[in-house]
Amino acid sequence: MEDSLDDAGVAQMQLLISRCRSKPCILHHPSLSFFMDYLLSLGARVPKAVEGMAKAGESSFSDEIMESDIEFEGEVVEPDNDLPQKMGDPSVEVSEEMRDKAQLYKKKGVDALSEGKLNEAIEHLTEGILLNPTSAILYATRAGVFMKMKKPNAAIRDADAALQINPDSAKGYKSRGMAKAMLGKWEDAAHDLHLAAKLDFDEEIGAELKKVEPNVHKIEEHKKKYERLRKEREMKKADTERKRKHAEEVSAASAVLKDGDVITIRSSNEFEAKLKAASSLSRLVILYFTATWCGPCRFMGPVYKSLAEKHRNVVFLKVDIDELGNVAHRWNVTSVPTFSFVINSKEIDKVVGADKAGLERKLAQHSSP
């Protein structure tokens, strides 16, 4: 059975390949590892990853997505993927005779360029470079011819060679900047063109900057927008996480407390856990300090239980002072029954004695919204 792809699948493949051509480094993104493995299996040469490329969320793949919806101005060409041009051997000792011959070839190359014979110009300049590989101007001149031929990658290789020989080569920066612009690498292009302008400004550099800088400005504005949106997403994510944790805390706290029941405390740890749970729910807590030998407490016990059934949003705790004397001491209990009203683990009011009316009044006062 013959395999086939629908139009949509072909279009997606074309888009992916187009992006890989403009930014080969995206091939190192983890999500494209399957494609990278396939290319390597075919013997393809893949550019090395830039530092940090493999980190998800921090890759230039994100930059590609970020910039994909910007409408840039100016002409952009498909990258030239020819084999690298011949380069000179920098270890060669150049004699005066070789320099003179190289100059003659440079002149022939410039003459051919002026006549529009670009391939011939490349041939002459290449002969000159092989004779004198220490000449930055020869590399920069050939880079200019490659630009005329719409071969920006070749121009960049020559410009890099020129700048390696002479880091102050205005022509090298100019050629490389214009080649980067031709590839749509606007920020890199602007950087090189500004350096060229500082070293030796000319009208061509100025004209190219007028084309490049609006695109750089668009990228900067888009990055600001993207960064703002990223921060907003992070804030929303953090807020969602806070709400999730709070919901878990509320759920856990609700499980600890028994709405409508009186909770008898058996240990100091249990006492602290109940107070903490009530605080996380911002609930009012009533601490009923009692004792088995206390007559008035036997009268108030059923009253307390009845109030717990009516006020289900209030936490009713019961503490025997003989079992948990340390808790009673900490809460300054000197007689029983004592009813302490607590919010966020702090006492806000108290009723001492078997005062049913007083207890109901304080409860109505502090449990109201």
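In what follows, every heavy atom counts, from backbone to side chain, and hydrogens, waters and symmetry copies are set aside.
- Of the possible donor and acceptor atoms, one in the side chain of Gln85 sits under 3.5 Å from a partner among the backbone N and O of Ala154.
- Across all their heavy atoms, Ala354 and Phe299 have their closest contact at CB-CD2, 4.2 Å.
- Heavy-atom neighbours of Lys218 NZ from other residues, nucleotides or ligands within 6.0 Å: above the threshold of 12.
- Between Glu234 and Lys237 there is no salt bridge, since no side-chain N of the basic residue sits under 4.0 Å from a carboxylate O of the acidic one.
- Hydrophobic clustering, with ILVMFWY side chains joined whenever heavy atoms are under 4.5 angstrom apart, groups Phe341 together with Leu307.
- Between Glu232 and Leu229, some side-chain heavy-atom pair lies under the 4.5 Å cut-off.
- Using a 4.5 Å heavy-atom threshold, the side chains of Asp111 and Leu113 count as separate.
- Between Leu359 and Met300 the shortest side-chain heavy-atom distance falls below 4.5 Å.
- Of all non-hydrogen atoms in Leu130 and Gly88, the two that sit nearest each other are CD2-CA, 4.3 Å.
- For the residue pair Glu208 and Ala181, the shortest heavy atom distance occurs at OE2-CB, 3.6 Å.
- Under a hydrophobic clustering in which Ile, Leu, Val, Met, Phe, Trp and Tyr are joined whenever their side-chain heavy atoms come within less than 4.5 Å, directly or via other members, Leu317 and Leu281 fall into the same cluster.
- Contact check on Lys225 versus Glu221 returns no salt bridge, with no Lys/Arg side-chain nitrogen under 4.0 Å from an Asp/Glu carboxylate oxygen.
- Checked by atom type and distance alone, the side chain of Arg233 never pairs as donor or acceptor with a backbone atom of Arg228 at under 3.5 Å.
- Although no hydrogens or angles enter the test, the distance criterion places a donor-acceptor pair under 3.5 Å between the side chain of Arg312 and the main chain of Asp259.
- At least one side-chain heavy atom of Thr134 sits under 4.5 Å from a side-chain heavy atom of Arg99.
- Residue Glu97 qualifies as open at atom CD: its count of foreign heavy atoms under 6.0 Å is 12 or below.
- Put simply, the side chain of Tyr139 does not reach to within 4.5 Å of the side chain of Asp160, judged on heavy atoms.
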Stepwise salt bridge (Lys or Arg N to Asp or Glu O under 4.0 Å) check, Asp239 with Arg242:
CA-CA 5 Å; Asp239 185 54; Arg242 281 195 297 269; 3.5 Å; yes
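- The shortest side-chain heavy-atom distance between Asp202 and Asp200 does not fall under the 4.5 Å cut-off.
- Using modelled atom types, one finds no donor on one side chain facing an acceptor on the other under 3.5 Å when comparing Ser175 with Asp158.
- Once rounded to the nearest 0.5 Å, the distance linking OG of Ser280 with NE2 of His246 reads 7.5 Å.
- Asp80 places no side-chain N or O within donor-acceptor distance of the main-chain N or O of Asp82, the cut-off being under 3.5 Å.
- Val342 and Val314 are members of different hydrophobic clusters when ILVMFWY side chains are connected at heavy-atom separations under 4.5 Å.
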Could you go through the side chain to side chain contact (heavy atoms under 4.5 Å, CB included) check for Ile156 and Leu183 one step at a time?
CA-CA 11 Å; Ile156 290 170; Leu183 290 170; 3.7 Å; yes
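- We find that Glu75 and Lys211 are not joined by a salt bridge, their nearest charged nitrogen and carboxylate oxygen being 4.0 Å or further apart.
- Taking a 6.0 Å sphere around NE2 of His311, one finds it holds more than 12 heavy atoms contributed by other residues, nucleotides or ligands.
- The minimum heavy-atom distance between Thr126 and Lys86, with the atom names listed, is CG2-CB, 3.9 Å.
- Under the 4.5 Å side-chain heavy-atom criterion for Ile, Leu, Val, Met, Phe, Trp and Tyr, Met149 and Met87 are members of the same hydrophobic cluster.
- With rounding to the nearest 0.5 Å, the separation of CZ in Arg283 from CG in Asn313 is 4.5 Å.
- From His366, atom NE2 reaches atom CD1 of Ile343 across 7.5 Å, with rounding to the nearest 0.5 Å.
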Residue pair Ile219, Phe72: steps toward the side chain to side chain contact (heavy atoms under 4.5 Å, CB included) verdict
CA-CA 9 Å; Ile219 293 172; Phe72 292 114; 3.5 Å; yes
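- Glu220 and Lys224 are not joined by a salt bridge, as no carboxylate oxygen comes within less than 4.0 angstrom of a charged side-chain nitrogen.
- Residues Ile129 and Arg142 form a side-chain contact, since some pair of their non-hydrogen atoms from C-beta on lies under 4.5 Å apart.
- Judged by distance alone, with hydrogens and angles left aside, the side-chain atoms of Ser306 form no donor-acceptor pair with the main-chain N or O of Pro302 at under 3.5 Å.
- Ala162 and Ala140 make their closest contact through CB-N, 4.0 Å (heavy atoms, listed as atom of the first residue, atom of the second, distance).
- Summarising the geometry, atom NZ belonging to Lys318 is positioned 5.0 Å from atom OG1 belonging to Thr264; distances are rounded to the nearest 0.5 Å.
- No hydrogens or angles considered: a donor-acceptor pair under 3.5 Å links the side chains of Thr141 and Lys171.
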Given the rule in the side chain to side chain contact (heavy atoms under 4.5 Å, CB included) test, do Asn332 and Thr338 qualify, once you have shown the distances and angles that lead to the verdict?
CA-CA 10 Å; Asn332 299 316; Thr338 293; over 6 Å; no
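- Taking the side chain as every heavy atom from C-beta outward, Pro214 and Trp186 never approach each other to under 4.5 Å.
- Salt-bridge annotation for Lys223 and Glu187: present, with a side-chain N of the basic residue lying under 4.0 Å from a carboxylate O of the acidic one.
- Two different hydrophobic clusters hold Val327 and Ile286 under the rule that ILVMFWY side chains link at heavy-atom gaps under 4.5 Å.
- A donor-acceptor contact shorter than 3.5 Å is absent between the side chain of Lys305 and the backbone of Val262.
- For the atom pair CG (Leu138) and CD (Glu127), the distance works out to 11.5 Å, reported to the nearest 0.5 Å.
- Annotation: the span from Lys101 atom NZ to Ser95 atom OG amounts to 8.0 Å, rounded to 0.5 Å.
- Using cut-offs of 30° and 60° on the angle between ring planes, the pair Phe339 and Tyr304 is tilted.
- For CD of Glu203, the number of neighbouring non-hydrogen atoms (other residues, nucleotides, ligands) closer than 6.0 Å is 12 at most.
- One N or O on the side chain of Asn166 and one on the backbone of Asp168 form a donor-acceptor pair closer than 3.5 Å.
- For Glu309, the CD atom is densely surrounded, since the number of other residues' heavy atoms within 6.0 Å is greater than 12.
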For Arg244 and Glu248, what are the C-alpha separation, side-chain angles and deciding distance, and is it a salt bridge (Lys or Arg N to Asp or Glu O under 4.0 Å)?
CA-CA 6 Å; Arg244 185 190 66 77; Glu248 288 181 353; 2.3 Å; yes
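- The backbone N or O of Pro167 sits less than 3.5 Å from a side-chain atom of Tyr173, completing a donor-acceptor pair.
- The closest donor-acceptor contact from the side chain of Asn344 to the backbone of Lys346 lies at 3.5 Å or more, if one exists at all.
- With Thr240 contributing its side chain and Lys236 its backbone, the two residues share a donor-acceptor pair below 3.5 Å.
- The pair Glu360-Lys356 meets the salt-bridge criterion, since a charged nitrogen lies less than 4.0 angstrom from a carboxylate oxygen.
- Across every non-hydrogen atom of Val352 and Lys350, the tightest pair is CG2-CD, 3.7 Å.
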